[in-house]
*Asks:* 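One structure, pasted below without further comment.
The shown structure was predicted, so the numbers you read here are calculated from the model rather than taken from an experiment. The first residue of the sequence shown is numbered 1, and numbering continues consecutively from there.
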Amino acid sequence: QVQLVESGGGSVQSGGSLRLSCTASEDSGYKYNNYCWSWFRQAPGKEREKVATIDSDGITTYADSVKGRFTISQDASKMTLYLQMNSLKPQDTAMYYCAADLSGGYGGQCYDMDYWGKGTLVTISS
């Protein structure tokens, strides 16, 4: 069982920055590097959107809407996934979730997400 806890959400003005973190439970530590990780977001009344992915080879992919503004990274020693978000826009307002695919994914894509965090809220004001 892998438990994921997101943090770092908050309210900032348009153009600002936030860094989200997603920390995995200690009992997943020895397999952490083998997982594929993604950040998703869901705004009120909208479908869930995959924002960024990093697979077990370190290959990253991004949604077009965040490319050039967001960066996904991880620190395996801390079992923590990050999402650095810069040049934030009001349309980035959403609940942000991290998720893990234990298969590792391929080519910057995860397959099926096995575990999800409970989310952290990001609100961007104009």
Side-chain angles (χ1 to χ4, degrees):
Q1 188 78 8
V2 176
Q3 294 183 345
L4 306 176
V5 179
E6 302 97 335
S7 62
S11 298
V12 298
Q13 290 190 328
S14 180
S17 298
L18 284 172
R19 189 177 79 158
L20 305 183
S21 299
C22 169
T23 301
S25 56
E26 289 186 1
D27 59 3
S28 66
Y30 74 102
K31 296 180 180 178
Y32 184 92
N33 284 338
N34 294 335
Y35 299 166
C36 183
W37 298 90
S38 288
W39 286 98
F40 292 81
R41 67 185 180 185
Q42 188 165 22
K46 295 189 176 182
E47 293 187 353
R48 186 174 63 199
E49 175 188 22
K50 184 166 59 179
V51 174
T53 296
I54 183 166
D55 71 11
S56 57
D57 291 324
I59 297 172
T60 58
T61 56
Y62 298 91
D64 287 342
S65 57
V66 306
K67 203 170 292 184
R69 300 188 298 123
F70 290 12
T71 303
I72 188 171
S73 63
Q74 61 185 11
D75 185 336
S77 67
K78 297 180 179 179
M79 293 185 290
T80 300
L81 178 75
Y82 300 103
L83 186 68
Q84 178 66 44
M85 307 187 295
N86 299 328
S87 303
L88 284 161
K89 306 174 181 180
Q91 51 264 46
D92 294 318
T93 294
M95 184 71 80
Y96 284 72
Y97 302 88
C98 64
D101 167 14
L102 273 57
S103 77
Y106 181 77
Q109 298 295 333
C110 301
Y111 296 117
D112 296 321
M113 310 313 293
D114 297 297
Y115 295 102
W116 293 80
K118 294 183 178 181
T120 185
L121 182 63
V122 172
T123 304
I124 311 302
S125 57
S126 57

*Asks:* Rounded to the nearest 0.5 Å, what's the gap from CZ on Arg41 to CE on Met95? Could you check?
*Replies:* 14.0 Å

*Asks:* Only pairs under 3.5 Å count here: list side-chain donor-acceptor contacts from residues 109-126, not counting sequence neighbours, and write none if there are none.
*Replies:*
unit_1	atom_1	unit_2	atom_2	d
Gln109	OE1	Lys50	NZ	2.9
Asp114	OD2	Leu102	N	2.8
Thr120	OG1	Gly9	N	3.1

*Asks:* How long is the span from the CG atom in Leu81 to the CD1 atom in Ile54, to the nearest 0.5 Å?
*Replies:* 7.5 Å

*Asks:* Under a 4.5 Å side-chain heavy-atom rule over Ile, Leu, Val, Met, Phe, Trp and Tyr, are Leu83 and Tyr97 clustered together?
*Replies:* no

*Asks:* Sequence neighbours left out, cut at 3.5 Å: what donor-acceptor pairs do the side chains of residues 14-21 make with other protein atoms?
*Replies:*
unit_1	atom_1	unit_2	atom_2	d
Ser14	OG	Leu88	O	3.4
Ser17	OG	Asn86	OD1	2.9

*Asks:* Considering all heavy atoms of both residues, which atom of Gly107 and which atom of Ile59 are nearest to each other, and what is their separation?
*Replies:* C-CG2, 4.0 Å

*Asks:* Taking atom SG of Cys22 and atom CD of Glu6, what is their separation to the nearest 0.5 Å?
*Replies:* 5.0 Å

*Asks:* Same cluster for Met85 and Val12 if Ile/Leu/Val/Met/Phe/Trp/Tyr side chains link at under 4.5 Å?
*Replies:* yes

*Asks:* List the residues meeting salt bridge (Lys or Arg N to Asp or Glu O under 4.0 Å) with Lys46, not counting sequence neighbours, and say none if there are none.
*Replies:* none

*Asks:* What salt bridge (Lys or Arg N to Asp or Glu O under 4.0 Å) pairs are there with at least one residue in residues 51-64, not counting sequence neighbours?
*Replies:* Asp64-Lys67

*Asks:* Would you give me the side-chain donor-acceptor pairs under 3.5 Å for residues 68-79, sequence neighbours excluded?
*Replies:*
unit_1	atom_1	unit_2	atom_2	d
Arg69	NH1	Ser87	O	2.9
Arg69	NH1	Asp92	OD2	2.8
Arg69	NH2	Ser65	O	2.8
Arg69	NH2	Asp92	OD1	3.0
Arg69	NH2	Asp92	OD2	3.4
Asp75	OD1	Ser77	N	3.1
Asp75	OD1	Ser77	OG	2.5
Asp75	OD1	Lys78	N	3.4

*Asks:* Under 4.5 Å between side-chain heavy atoms, hopping through other hydrophobics if needed: is there a path connecting Val66 to Tyr82?
*Replies:* no

*Asks:* Among all residues two or more places apart in sequence or in another chain, which pass the side-chain hydrogen bond (donor to acceptor under 3.5 Å, both in side chains) test with Thr80?
*Replies:* Thr23

*Asks:* Hey, could you give me the CG/OG distance between Asn34 and Ser56, rounded to the nearest 0.5 Å?
*Replies:* 6.5 Å

*Asks:* Can you see which heavy atom on Ala100 is nearest to which on Trp37, and at what distance?
*Replies:* CB-CZ3, 3.5 Å

*Asks:* State whether Phe40 and Arg48 meet the cation-pi test: NZ (Lys) or CZ (Arg) under 6.0 Å from the six-membered ring centroid, and within 45° of the perpendicular axis.
*Replies:* yes

